[in-house]
Colleague: 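Before anything else, here's the structure in question.
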Amino acid sequence: MRSVVESARPAASVVRSAAAPALPPLDRTVLVLLCAAKLLIHLGTSVLRYGYFRDELYYLDMARHLDWGYVDAAPLVAVYGKVALLLGGSLAALRVLPALAGTALVALAVLLAREVGGGRFAQLLAGLAVLLAPGILLVDSLLSMNAFEPLFWTGALLVLARLLRTGNSRLWVWFGVLVGLGLENKLSTLFFGFAVAVALLLVPERRELLRPWVWVSLAIALALFLPNVIWQARHGFPTLEDLENVRREGKNVVLGPLAFVKQQVVAMHPALLPVWLAGVAWFLKERRWRLLGFTFVAFFVVMGLAHAKDYYLFPIYPMAFAGGAVAIERWTSRRAAAWRRALATAVVVLGLATLPLCTWLLPPADYLAFTARLGFRQQKAEVHHEGLLPQPMGDQFGWEEMAREVAAIYRALPPDERVKTGILTGNYGEAGAINLWGPALGLPRAFSRHQNHWYWGPPPESPANLIVLQWDRDDVQENCASFEEHPRFVRYGMGEENTPIYLCRGTLFDLRKVWPNYHHWN
């Protein structure tokens, strides 16, 4: 009798699932067209124009030294770099990866809008917003962990939305998998997890904490994150030292609350402000989706208090765009089709108008003329940034030329001096450039004390001579028996790179002996 009664009593999750609202149809035409447009934008701008970005050169070096952690990055970015190397290591091989990640993000935004009840128009508007938001276009134009971070977060939020719609607690497992992979992509996913946890405590769904699946999710995320934690522990938690150095040295620009919010509005495009604001407001108003709204608010507040860089918040916006698209669809009836078309057209026109500001569409001179006509000047992210172009653009100039200049100095040496001459760079961009182009130019491997390059040194033998970059003249005079100065200048590059290259003859120190205390993490 007991078994019959139990078999007639459905599980709680099944009862909730039966009451779940049905999903609207997926507009596959909208999905395909938006994804194709996203991919074509990046193939036509980031893949075919400019050069390697400083950090991309660093990630390629990471790919040559695969590990479970790095001073300033989680391990997955090195895997992306390894894929690029396996594809040939060209700029196109490198940049196609973030382009594909951005394309997948557009698809996830469309699916998330559908998951929270969005029909054809909502799916279109959500996809358009993610497609044309300047900040998202920018991060998808360079290979970095920032291009992939929104994939893990939006995927996790899509799972969370499905859980809220169906009540299927087992979906926490997939949430944990995506968060765990997100942690191996970038450590800022910790703040995302914190925001979800805070939001969960503020809504009735906190009852999930009394069920096992949320804790299974946490265990999965921690298990996936564990290899990086072990690497950090074995190396004395260098990431914490790096972050403290950045804070102590005042490297990054610190904005007040109003300036911080203004920066976010500009980064996501002022025309899209009503969309993501409507999304947050609608999520908070709708009981079923309140967890998503509180997640956004908690994350936004935490990042503001932490004086985070603007792009730290970019991964949370696809969710807000999806919610705003659904809200606007519901607030405008079908009889307001003309208004919907006008809104979508305005988003496209205004988004395309700002495309040159956030992609590599224009040559540098044309970009500077365009911004001058608009009266637009991008906010600096780092205090000491000097250059004609914004850092994401300026940091793509001069690297191959620098490698060739170093090669010219090296090849001019007599053979007996050349074999005892090493290369020491001031930062990972310089080292990465020499390690990329150097083999074809006959250069030895470059060493650097900067960031993770310190772990990849010192050289097997202390060189008698050094070609040094980013040294002050006083340092050269103090540490070299004699030296030659080779000035260099790159018009559109970073100002810090317009410093002489020195040939240091007769180094007055043993590089191998000083190396243990020579690291520079900032």
Side-chain angles (χ1 to χ4, degrees), residues 105 109 125-126 128-140 146 149-150 153-154 157 186 188-196 198-199 202 243 246-247 250-285 289-328 343 346-347 350-351 353-355 357-358 371 374-383 385 390-392:
L105 181 63
L125 184 56
L128 281 175
V130 173
L131 169 63
L132 295 171
I136 296 175
L137 278 167
L138 182 62
V139 297
D140 289 341
N146 300 317
E149 189 175 34
W153 293 23
T154 307
L157 290 165
K186 192 175 179 182
S188 56
T189 301
L190 286 168
F191 294 101
F192 169 69
F194 174 77
V196 173
V198 169
L202 298 176
L243 293 172
V246 169
R247 185 201 64 78
K251 178 181 178 181
N252 297 330
V253 173
V254 176
L255 299 177
L258 291 179
F260 177 79
V261 173
K262 177 184 176 182
Q263 190 180 59
Q264 291 301 306
V265 172
V266 172
M268 288 297 111
H269 204 301
L272 293 173
L273 173 64
V275 180
W276 63 264
L277 274 185
V280 177
W282 184 71
F283 281 143
L284 292 173
K285 177 179 177 292
W289 311 119
R290 202 162 288 161
L291 174 60
L292 302 181
F294 279 128
T295 295
F296 183 96
V297 172
F299 185 76
F300 198 97
V301 170
V302 168
M303 290 295 97
L305 294 175
H307 302 293
K309 290 185 177 181
D310 60 347
Y311 61 84
Y312 286 14
L313 287 88
F314 294 176
I316 203 71
Y317 283 103
M319 174 187 72
F321 285 140
V326 176
I328 291 170
L343 176 59
V347 168
L350 295 173
T354 57
L355 200 62
L357 298 175
C358 51
T371 54
L374 292 180
F376 175 81
R377 183 170 179 82
Q378 188 167 331
Q379 174 74 41
K380 291 199 300 186
E382 296 185 0
V383 174
H385 166 222
Q391 185 174 351

Colleague: For A325, enumerate each residue passing the side chain to side chain contact (heavy atoms under 4.5 Å, CB included) test, keeping only those at least two apart in sequence or located in another chain.
Modeller: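 Scan of A325 (side chain to side chain contact (heavy atoms under 4.5 Å, CB included), adjacent residues dropped) gives A122, L125, A126.
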Colleague: CD of Q263 to NZ of K309: how many Å apart, nearest 0.5 Å?
Modeller: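 Between atom CD of Q263 and atom NZ of K309 there are 11.0 Å.
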Colleague: Taking atom CZ of F192 and atom NZ of K186, what is their separation to the nearest 0.5 Å?
Modeller: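 If we round to the nearest 0.5 Å, F192:CZ and K186:NZ are 14.0 Å apart.
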Colleague: My understanding is that only residues two or more places apart in sequence, or in another chain, count here; which of them pass side chain to side chain donor-acceptor pair (under 3.5 Å) with T154?
Modeller: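 T154 satisfies side chain to side chain donor-acceptor pair (under 3.5 Å) with no other residue.
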Colleague: Measure across W153 and P315 and return the closest heavy-atom pair with its distance rounded to 0.1 Å.
Modeller: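 Of all heavy-atom pairs spanning W153 and P315, the closest is CE3-CB, 3.3 Å.
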Colleague: About how many Å separate CZ of F300 and CG of L305, when rounded to the nearest 0.5 Å?
Modeller: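 Reported value, rounded in 0.5 Å steps: 11.0 Å.
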Colleague: Let me check something: any side-chain donor-acceptor pairs from residues 290-299 under 3.5 Å, sequence neighbours excluded? List them with distances.
Modeller:
from: R290; atom 1: NE; to: L284; atom 2: O; distance (Å): 2.8
from: R290; atom 1: NH2; to: K285; atom 2: O; distance (Å): 3.0
from: T295; atom 1: OG1; to: L291; atom 2: O; distance (Å): 2.8

Colleague: Quick one: side chains of residues 266-283, donor-acceptor pairs under 3.5 Å with protein atoms, not counting sequence neighbours, listed by atom name and distance.
Modeller:
from: H269; atom 1: ND1; to: A271; atom 2: N; distance (Å): 3.0
from: H269; atom 1: NE2; to: L350; atom 2: O; distance (Å): 3.0
from: H269; atom 1: NE2; to: T354; atom 2: OG1; distance (Å): 3.3

Colleague: Look only at the side chain of Q264 and the backbone of D310, and say whether a donor-acceptor pair between them is shorter than 3.5 Å.
Modeller: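 Answer holds: yes.
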Colleague: If you measure from CG on L132 to CG on L355, what distance do you get to the nearest 0.5 Å?
Modeller: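 Answer rounded to 0.5 Å: 7.5 Å.
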Colleague: To the closest 0.5 Å, what do you measure between CG (L357) and CG (L138)?
Modeller: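 So the CG of L357 and the CG of L138 are separated by 10.5 Å.
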Colleague: Do other residues, nucleotides or ligands put more than 12 heavy atoms under 6.0 Å from the OH atom of Y312?
Modeller: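 Counting other residues, nucleotides and ligands, OH of Y312 exceeds 12 neighbours.
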Colleague: Test side-chain contact (heavy atoms from CB on, under 4.5 Å) on Y311 and I136; report intermediate values, then the result.
Modeller: CA-CA 8 Å; Y311 61 84; I136 296 175; over 6 Å; no
Colleague: What verdict does the side-chain contact (heavy atoms from CB on, under 4.5 Å) test give for L131 and F321, after you've listed the backbone C-alpha separation in whole Å, the side-chain angles of each residue and the deciding distance to 0.1 Å?
Modeller: CA-CA 11 Å; L131 169 63; F321 285 140; over 6 Å; no
Colleague: Specify the closest pair of heavy atoms between P134 and C358, including all atoms of both residues, with the distance to one decimal.
Modeller: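 In this case the closest contact between P134 and C358 is O-CB, 3.4 Å.
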